Amino acid sequence: KQDTITAITLSADETAVEYFILDSGNGLFTAGFRPGDTITISGFTGVLANNQITTVTKVWSDGSKMQIAGTLVDDLAGESVTITSCAKTFKDIFRNGVIRVYSGTEPADADADEGAGTLLLEITKDSGALIPGISTNGLNFDAIVSGKLSKNTDVWSDAGLAAGTASWYRMYDNGRVTGSSSEAKRCQGRISTSGTTFILSSTSIKLGATTTVDTADFTMPAN
């Protein structure tokens, strides 16, 4: 999976010791760029040094701005600039992501609206608030071992947002795009205290009481 954008609305901005790609077309977020992505920038002709391979550190959720780890020199929009992410694995796609836990009936697939179930938990690192486009408090996986991708050693938790019985989860990438979408990066499945991909400390969620994800294991295909 690669994310890409080509536009004449992209410009380079150097502000003190911080460096940004700006987009007056507001397309950077919906194109799929997220914190931690390795990207290739090409097409700047005014300042050739702006064409580089670098890492995304922050993306504004309105799509207007993206901070990078590399250095840039001011360069106005008008050139046909292309930004492309390196191919992403499952682990990369859900880097700094979030898990929402619901009661009720699991939707037919992850493209569908979340449905009528109640949102019980929004699982993050240490129950912290996640802001789309920023890596802080996002969830991450360890390296694949023997074909299995598992949660890292961080505490994945949340205080109950409502009381109810947890029955399914949806995992979102760092953008946390909800509602019906065929483009948003997410997956879903059943949730329980055993025998499922995500294992909770309890499926009986109480308002304000902390629940943790004790196990999160994905078996990766051979190819």
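This is a predicted model, so every value here is computed, not measured. When a residue number appears, it is its place in the shown sequence, counting from 1.
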With a 4.5 Å cut-off on side-chain heavy atoms, are [Y] and [X] touching?
X: Ile21; Y: Asp13; result: no
X: Thr54; Y: Ile41; result: yes
X: Val213; Y: Ile199; result: no
X: Arg170; Y: Glu114; result: yes
X: Thr38; Y: Ile53; result: yes
X: Asp23; Y: Ile5; result: yes
X: Asn96; Y: Lys125; result: no
X: Asp75; Y: Ser11; result: no

Could you state whether [X] and [Y] fall into the same hydrophobic cluster, counting links through intermediate Ile, Leu, Val, Met, Phe, Trp or Tyr residues with side-chain heavy atoms under 4.5 angstrom apart?
X: Val98; Y: Val101; value: no
X: Ile144; Y: Leu139; value: yes
X: Leu72; Y: Val59; value: yes
X: Phe33; Y: Phe94; value: no
X: Met171; Y: Ile93; value: yes

inquiry  = Tell me whether Ile131 at atom CD1 has more than 12 heavy atoms from other residues, nucleotides or ligands lying less than 6.0 Å away.
reply    = no
ask   = In this structure, are over 12 heavy atoms from other groups packed under 6.0 Å from Lys185 atom NZ?
value = yes
Say you draw a straight line from [atom1] of [X] to [atom2] of [Y]; how long is it, rounded to the nearest 0.5 Å?
X: Ile205; Y: Thr118; atom1: CD1; atom2: OG1; value: 12.0 Å
X: Thr84; Y: Ile39; atom1: OG1; atom2: CD1; value: 9.0 Å
X: Leu28; Y: Ser61; atom1: CG; atom2: OG; value: 12.0 Å
X: Asn137; Y: Thr124; atom1: CG; atom2: OG1; value: 5.5 Å
X: Asp142; Y: Leu149; atom1: CG; atom2: CG; value: 8.0 Å
X: Phe44; Y: Asn50; atom1: CZ; atom2: CG; value: 5.5 Å

Lys NZ or Arg CZ of [X] over [Y] ring: under 6.0 Å, within 45°:
X: Lys91; Y: Phe141; value: no
X: Lys151; Y: Trp156; value: yes
X: Arg34; Y: Phe29; value: yes

Identify the heavy atoms of [X] and [Y] that sit nearest to each other, and give their distance.
X: Pro107; Y: Ala112; result: CB-CB, 4.0 Å
X: Trp60; Y: Gln67; result: CZ3-N, 4.0 Å
X: Ala166; Y: Leu200; result: CB-CD1, 3.9 Å
X: Thr71; Y: Gln52; result: O-NE2, 2.9 Å
X: Pro132; Y: Gly175; result: CB-O, 3.5 Å
X: Pro35; Y: Gly133; result: CG-O, 3.1 Å

key: Candidates Asp37, Asn140, Asp173 - the one meeting side chain to side chain donor-acceptor pair (under 3.5 Å) with Arg95   = Asp37
request  = Please report the C-alpha distance between Leu161 and Leu121 in whole Å, then the side-chain angles of each, then the deciding distance to 0.1 Å, and finally whether the side chain to side chain contact (heavy atoms under 4.5 Å, CB included) criterion is met.
outcome  = CA-CA 6 Å; Leu161 303 174; Leu121 301 165; 5.6 Å; no
Heavy-atom donor-acceptor pair, [X] side chain to [Y] backbone, under 3.5 Å:
X: Thr193; Y: Ser202; answer: no
X: Thr15; Y: Glu18; answer: no
X: Asn51; Y: Gly43; answer: yes
X: Asp3; Y: Ser85; answer: no

task = Could you tell me whether the side chains of Glu79 and Thr45 share a donor-acceptor contact shorter than 3.5 Å?
result = yes
query = Are Ser201 and Asp214 close enough that a side-chain donor and a side-chain acceptor fall under 3.5 Å?
reply = no
task = Mind running side chain to side chain contact (heavy atoms under 4.5 Å, CB included) on Leu10 and Ile83 for me, showing each step along the way?
result = CA-CA 9 Å; Leu10 299 170; Ile83 304 174; 4.1 Å; yes
inquiry  = Using the ring-ring contact (aromatic ring centres under 6.0 Å, His included) criterion, which residues pair with Phe198? Sequence neighbours excluded.
reply    = Tyr169, Phe218
ask   = Taking only residues at least two apart or on different chains, which pairs with a member in residues 98-109 satisfy side-chain hydrogen bond (donor to acceptor under 3.5 Å, both in side chains)?
value = Arg100-Glu122, Tyr102-Tyr172, Glu106-Gln188
Tell me, please, which residues at least two apart from [X] pass side chain to side chain contact (heavy atoms under 4.5 Å, CB included).
X: Lys206; value: Ser204, Ala209
X: Ser150; value: Lys148, Asp217
X: Ser157; value: Ser127, Val155, Thr210, Thr212
X: Asn26; value: Ser64

request  = Evaluate the criterion side chain to side chain contact (heavy atoms under 4.5 Å, CB included) for residue pair Thr82 and Thr4; output intermediate values, then yes/no.
outcome  = CA-CA 7 Å; Thr82 297; Thr4 188; 3.9 Å; yes
